Each structure stands twice: as C-alpha cells, then as structure tokens.
Amino acid sequence: VKLASYQSVVSNTAGLVSYWKMDGDFNDSNGTNHGTGVNGASATGTAKYGTYSGSFDGTDDYVSVSHNTNLNLTTVFTYEAWVKRAGGLGNNKNIIAKNNLSSNITGAPTWYFDTNNKVNFVVQALEVIGGGNTAITDTTSWHHLAITRDSSNNWKWYLDGNPDGSVVKSRTVTANTENFYIGTGA
C-alpha cells in the first residue's frame, strides 16, 4: 500500500489532530505526532498529491508514531487516506492501528483492508464494526478512503468521495497507551 501525501489541506481543519503528508518524511504537519519509518518504510514513492508518498513492502514496513493521548480517538472521529494498493490482495492489511503489534488490546481501533479487499474497522477483541461495500483490487489507481463516526454512533465509509457503507453501532473504542501505526502489514 502506498499512502499519498497532500500538498495542502483544503477543507476545514478545526479539530484536526494529525496530518501526515508523507512528502519526504513522516512528520505531522499539524502538530507533534511525528512518525518514524520502520523496516524500510519510506516517504519516497510516487504521490497522488505532492512529490512523494509513503511506500510499504506489504510484509513488515510501517510508520510508528509515539503514543500521545490526542491520538486516542474514541467517540467522534474521521480517518482519511489516499491509498494505492501495490499488492497483498486477499490478506488483512492495516491502514492505521492504535494497538499492540504482537497482541491485540481489547477495544483498540484498527482500520484495515480485509481478506475480501474491502475497507473495514474493528474494535479489537470485541467486534468488527463493519466496512465498505466495494472491494478495491486495482493496483494502478489512487483511492481516497474515509471513515467517520458521529455522536449518534453512525459509522460511515467513503470511497473516492462516495458513500460506500454505513452502520449504527455503539461499541466503545478504548483509549490506550500504545503507539499509533500507519501501514502495518501494508
């Protein structure tokens, strides 16, 4: 998976916690949640926007962002990413996780591609919340992915700006002290 950089945020940034452009590094352009590439993850791939994107080998590359309480998004949140799948189809591939990499922490959030190549969200050891309806199997195009959860427990998935799934579930996402990971298994 390649995660694209953004040249600029064009929408309202009120409440924005972190913003990783991945344009040559894994620094947080919005704050102090800077990341470090692990096992060869680089910010040098071909980008959708900007000059570079995050590039991961599909096996063990990822970005590690040290724990910060502001990354414990537990009630109302939106995650967004530009992704271009480079392979690894048919395998679980995390987009983001605030979880222990060797054993799941109950209640920890993970946004990922499932074995059917659909984008899902799981609250670890408790429940798969649900996911998008569309399998993303093409390895030549960039796709904009988003998931939102509002104060009424409406979970919504978006693919390229279009609604791609929704569910109402009140499952608790638990705050934890683990690092925030981008691209684990991607």
Side-chain angles (χ1 to χ4, degrees), residues 1-6 9 13-43 53-83 88 91-114 119-131 145-157 167-186:
V1 170
K2 293 185 178 193
L3 297 176
S5 60
Y6 281 71
V9 175
T13 59
L16 183 65
V17 174
S18 289
Y19 171 46
W20 295 279
K21 292 182 182 182
M22 298 191 184
D23 202 9
D25 59 37
F26 298 115
N27 289 339
D28 176 7
S29 298
N30 188 60
T32 59
N33 294 316
H34 303 308
T36 302
V38 178
N39 296 327
S42 67
S53 65
S55 185
F56 308 91
D57 69 2
T59 304
D60 61 357
D61 292 6
Y62 60 92
V63 174
S64 179
V65 179
S66 295
H67 166 70
N68 187 330
T69 56
N70 71 359
L71 292 171
N72 282 323
L73 305 179
T74 58
T75 53
V76 175
F77 55 81
T78 299
Y79 291 116
E80 292 183 69
W82 279 97
V83 299
N91 296 302
N92 286 335
K93 301 290 181 181
N94 292 348
I95 301 165
I96 63 96
K98 180 97 172 53
N99 195 13
N100 184 298
L101 293 182
S102 59
S103 63
N104 289 328
I105 295 176
T106 299
T110 303
W111 189 33
Y112 68 104
F113 283 101
D114 70 8
V119 178
N120 279 282
F121 195 91
V122 65
V123 179
Q124 293 294 345
L126 294 174
E127 181 175 20
V128 174
I129 298 301
L145 308 177
I147 181 174
T148 65
R149 180 186 187 184
D150 68 21
S151 60
S152 297
N153 295 311
N154 294 299
W155 298 73
K156 296 180 182 177
W157 287 258
V167 67
V168 177
K169 288 196 178 176
S170 60
R171 177 59 65 195
T172 300
V173 177
T174 306
N176 64 57
T177 58
E178 293 298 324
N179 287 354
F180 185 90
Y181 298 101
I182 302 169
T184 52

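Bear in mind that the values here come from a model prediction, so they are computed numbers and not experimental data.
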* Give, for atom CE of M22 and atom OG of S29, the distance between the pair rounded to the nearest 0.5 Å. => 10.5 Å
* Do the ring centers of F77 and W155 come within less than 6.0 Å of each other? -> yes
* **Main-chain N/O of Y112 paired to N92 side chain as donor or acceptor, under 3.5 Å** => no
* Asked: How long is the span from the NZ atom in K98 to the OG1 atom in T177, to the nearest 0.5 Å?
  -> 6.5 Å
* If every non-hydrogen atom of I95 is compared with every non-hydrogen atom of A81, which pair is closest and at what distance? -> CG2-CB, 4.3 Å
* Structure fact -> Paired with F180, the side chain to side chain contact (heavy atoms under 4.5 Å, CB included) test is passed by just one of N72, N99, L71, namely L71
* Please round to the nearest 0.5 Å and tell me the distance separating atom CG of N120 and atom CH2 of W157. => 7.0 Å
* Asked: At what distance, to the nearest 0.5 angstrom, does OG1 of T184 lie from OH of Y62?
  -> 8.5 Å
* Asked: Looking only at atom types and distance, does a side-chain atom of N39 sit under 3.5 Å from a main-chain N or O of D60, one as donor and one as acceptor?
  -> yes
* **Flag, side chain of N154 to backbone of D150, donor-acceptor distance under 3.5 Å** => no
* A146 to E80 - nearest heavy-atom pair and separation -> CB-CG, 3.9 Å
* To do: State, to 0.1 Å, how close S55 and D61 come at their nearest heavy-atom pair, and which atoms those are.
  => O-OD2, 4.2 Å
* D28 side chain to N33 main-chain N or O, any donor-acceptor pair under 3.5 Å? -> yes
* Asked: Will you find, in the side chains of T110 and N94, an N or O donor that is under 3.5 Å from an N or O acceptor?
  -> no
* Assess whether side-chain contact (heavy atoms from CB on, under 4.5 Å) is satisfied between I182 and F26, documenting all intermediate values. => CA-CA 10 Å; I182 302 169; F26 298 115; over 6 Å; no
* To do: Determine yes or no for a side-chain-to-main-chain donor-acceptor pair under 3.5 angstrom, with N30 supplying the side chain and L16 the backbone.
  => yes
* **Backbone N/O of V122 and side chain of R171: donor-acceptor pair under 3.5 Å** => no
* To do: Taking all non-hydrogen atoms of both residues into account, name the closest pair between T106 and A125 and its distance.
  => OG1-CB, 3.6 Å
* Asked: Hey, are the side chains of I129 and R149 touching, using non-hydrogen atoms and a 4.5 Å cut-off?
  -> no
* Distance, nearest 0.5 Å, that separates CZ of F121 from OG1 of T148 -> 11.0 Å
* **Min side-chain heavy-atom separation V65-W20 under 4.5 Å** => yes
* Asked: Which pair of heavy atoms, one from A108 and one from N176, lies closest together, and at what distance?
  -> CB-ND2, 3.8 Å
* Asked: Rounded to the nearest 0.5 Å, how far does CH2 of W111 lie from CD1 of I147?
  -> 7.0 Å
* To do: Spell out, as yes or no, whether a donor-acceptor pair under 3.5 Å connects the side chain of K93 to the backbone of G183.
  => no
* **H34 and N27: CA distance, side-chain angles, deciding distance, side-chain contact (heavy atoms from CB on, under 4.5 Å) verdict** => CA-CA 4 Å; H34 303 308; N27 289 339; 3.4 Å; yes
* Side chains of N100 and E178: closer than 4.5 Å at any heavy-atom pair? -> yes
* Just checking, is any N or O donor in the side chain of N179 or S64 under 3.5 Å from an acceptor N or O on the other one? -> yes
* Asked: Looking at L145 and V83, what are the two nearest heavy atoms and their distance?
  -> CD1-CG2, 3.4 Å
